[in-house]
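Index from 1, following the sequence. Counting convention: from 1, in listed order, for ligands and their atoms alike.
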Amino acid sequence: MDNPNDIENIKKYLSEKLETVSSVDDISKIRNEFLGKKGFIGKMLSDMRNISSDQRKDYGAKLNLLKIEVENMIDEYSGKFENDKDSIYTELYKSLPGRKPEIGHINIITQAISEITKVFAPLGFNRVRYPEIDREYYVFEALNMPETHPARDEWETFFVDSPNDEKLGRLVITPHTSSGQVREMLKGELPIRMLNISRCGRRQIDVSHVPSFYQFEGLVIDENISTTHLIGVLDYFAKNFFGADRETRLRPYHFRFTEPSFEVDINCGICHGKGCKLCKGGWLELGGAGMVHPNVLKAGGVDTEKYSGFAFGWGVERTYMMKSGTKIDDIRNLFSNDLRFLEQF
Ligand code: DAH
């Protein structure tokens with residue numbers, strides 16, 4: 001059918017046209033062709049003036065009815081077409097790559113702990129953990145710091161409000177992992193190669209201190225152990241943890257539980273000992289170490305005539321921050337739980 005020009009044929013023509021529709025654009029073209037101002041129905045309405053007045057009323061009513069039917073037909077069809085369009089999008093949506101659920105990863109401190117453990121393992125160091133809340137005896141007394149000794153002040157201890165134990169004293173949040181030394185000796189198994197990594201607490205907070213942090217403590221007790229062994233182990237750790245180009249040095253210091261005592265420094269990873277903005281004098285301080293004091297060995301029931309030993313104890317976070325590449329300039333970030341920070345590691 002070419003052109004409909006009467007009421008009877010127009011619906012037939014419209015159905016044929018609608019069969020050919022393949023896009024929303026086709027629908028709007030058809031709507032315009034039939035219902036637009038210059039469309040078929042519009043034209044038929046304006047032609048009404050040529051019809052005799054007695055027929056006009058009847059014809060007009062029929063035209064109006066036709067107009068409604070045409071509108072309905074087009075609407076119905078375009079509705080169907082819209083559904084098709086929706087399903088095209090649904091298909092498209094189904095084929096989009098899925099969103100990956102976010103997968104967490106091991107926290108940087110746990111990573112540091114396992115790295116440190118791995119470095120010491122080949123030397124036979126056995127990883128242990130001792131109470132994070134312990135009796136004053138293991139924390140101070142057994143480490144050659146009697147009750148009134150001023151050296152205790154250094155540890156800025158949190159005491160726990162709890163009943164006192166007559167022999168072992170008050171409960172404290174362990175301010176250092178050295179409290180594990182005598183506990184390890186009291187197991188009665190010699191020789192000892194202990195690596196105690198635990199959470200500690202001290203009343204301090206600034207860029208390089210937090211009230212809750214981790215320490216790792218090495219303790220070796222055997223026959224004929226000397227400072228040379230300590231130096232060897234420290235150097236081994238420096239090279240394997242920080243890099244082959246790193247070295248350690250010992251500075252004389254004083255701890256109650258070691259004699260002699262040292263502070264251990266590592267040469268700066270940036271200037272390699274020449275001196276720069278970060279390290280000032282070319283060296284960075286790692287932590288304490290020394291030869292275990294005979295009084296500590298005695299507290300642990302170790303025969304001081306036969307055995308000797310060395311120990312060292314450093315902060316996990318501090319040590320990890322000194323590793324080149326980590327670029328952490330404030331220890332508090334490690335505990336901020338800010339994903340933007342944590343996701344970097
Ligand atoms: N416990 C000491 C501290 O927290 C560090 C330390 C020094 C540990 C010397 C040792 C050591 O084992 O021998 O400051």
Side-chain angles (χ1 to χ4, degrees), residues 116 120 123 125-134 136-145 149-158 172-185 192-206 208-222 225-234 237 248-266 284-300 302 307-319 322 331:
I116 292 165
F120 282 109
L123 299 184
F125 280 84
N126 188 26
R127 167 84 202 277
V128 294
R129 287 185 81 165
Y130 283 111
E132 290 172 0
I133 296 179
D134 208 351
E136 217 173 338
Y137 174 79
Y138 295 105
V139 171
F140 294 121
E141 201 94 25
L143 294 174
N144 202 26
M145 285 183 272
H149 202 284
R152 285 189 179 202
D153 280 359
E154 292 270 311
W155 277 268
E156 302 182 284
T157 319
F158 287 115
V172 299
I173 296 177
T174 50
H176 58 174
T177 41
S178 302
S179 53
Q181 288 192 16
V182 165
R183 281 187 171 275
E184 180 76 12
M185 292 179 211
I192 290 171
R193 281 183 180 74
M194 171 197 90
L195 184 67
N196 175 26
I197 310 186
S198 276
R199 193 193 275 267
C200 303
R202 287 189 203 178
R203 189 176 41 79
Q204 42 184 230
I205 187 154
D206 57 43
S208 54
H209 297 93
V210 275
S212 175
F213 56 98
Y214 287 83
Q215 277 193 347
F216 62 103
E217 180 98 8
L219 175 71
V220 170
I221 296 179
D222 207 338
I225 293 291
S226 71
T227 318
T228 318
H229 296 110
L230 170 64
I231 293 171
V233 168
L234 297 180
F237 176 74
T248 54
R249 74 170 184 191
L250 300 183
R251 261 184 300 122
Y253 201 71
H254 178 258
F255 293 107
R256 287 284 298 175
F257 36 94
T258 42
E259 181 58 39
S261 302
F262 310 103
E263 280 286 15
V264 184
D265 295 337
I266 181 163
L284 298 160
E285 187 187 311
L286 271 179
M291 302 308 292
V292 183
H293 195 289
N295 286 353
V296 178
L297 292 173
K298 278 181 203 147
V302 174
Y307 291 100
S308 54
F310 65 81
F312 53 90
W314 307 339
V316 169
E317 299 87 350
R318 234 184 100 78
T319 306
M322 287 160 91
I331 195 171

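Within 6.0 Å of atom CZ in Arg251, more than 12 heavy atoms from other residues, nucleotides or ligands are found, so the atom counts as buried in its surroundings.
What you find for Val139 and His176 is that their closest heavy atoms are O-NE2, 3.1 Å.
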N/O donor to acceptor pairs below 3.5 angstrom from side-chain atoms of residues 309-316, sequence neighbours left out:
from, atom 1, to, atom 2, distance (Å)
Trp314, NE1, Gly288, O, 3.0

Could you go through ligand 1 and note, for every N or O atom, any protein N or O atom closer than 3.5 angstrom, writing the atom names and distance to 0.1 Å, or 'none'?
from, atom 1, to, atom 2, distance (Å)
ligand 1, 1 (N), His176, ND1, 2.9
ligand 1, 1 (N), Ser178, OG, 2.8
ligand 1, 4 (O), Arg202, NH2, 2.6
ligand 1, 4 (O), Gln215, NE2, 3.1
ligand 1, 12 (O), Gln181, NE2, 3.3
ligand 1, 12 (O), Glu217, OE2, 2.6
ligand 1, 12 (O), Phe312, N, 3.3
ligand 1, 13 (O), Ala311, O, 3.2

For this session: Assess whether side-chain hydrogen bond (donor to acceptor under 3.5 Å, both in side chains) is satisfied between Glu132 and Ser198, documenting all intermediate values.
Result: CA-CA 7 Å; Glu132 290 172 0; Ser198 276; 4.7 Å; no
For this session: Give the C-alpha distance, both sets of side-chain angles, the deciding distance and a yes or no for side-chain hydrogen bond (donor to acceptor under 3.5 Å, both in side chains) between Arg318 and Ser208.
Result: CA-CA 7 Å; Arg318 234 184 100 78; Ser208 54; 4.9 Å; no
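Ring centroids of Phe216 and Phe237 are separated by less than 6.0 Å, placing the two rings close together.
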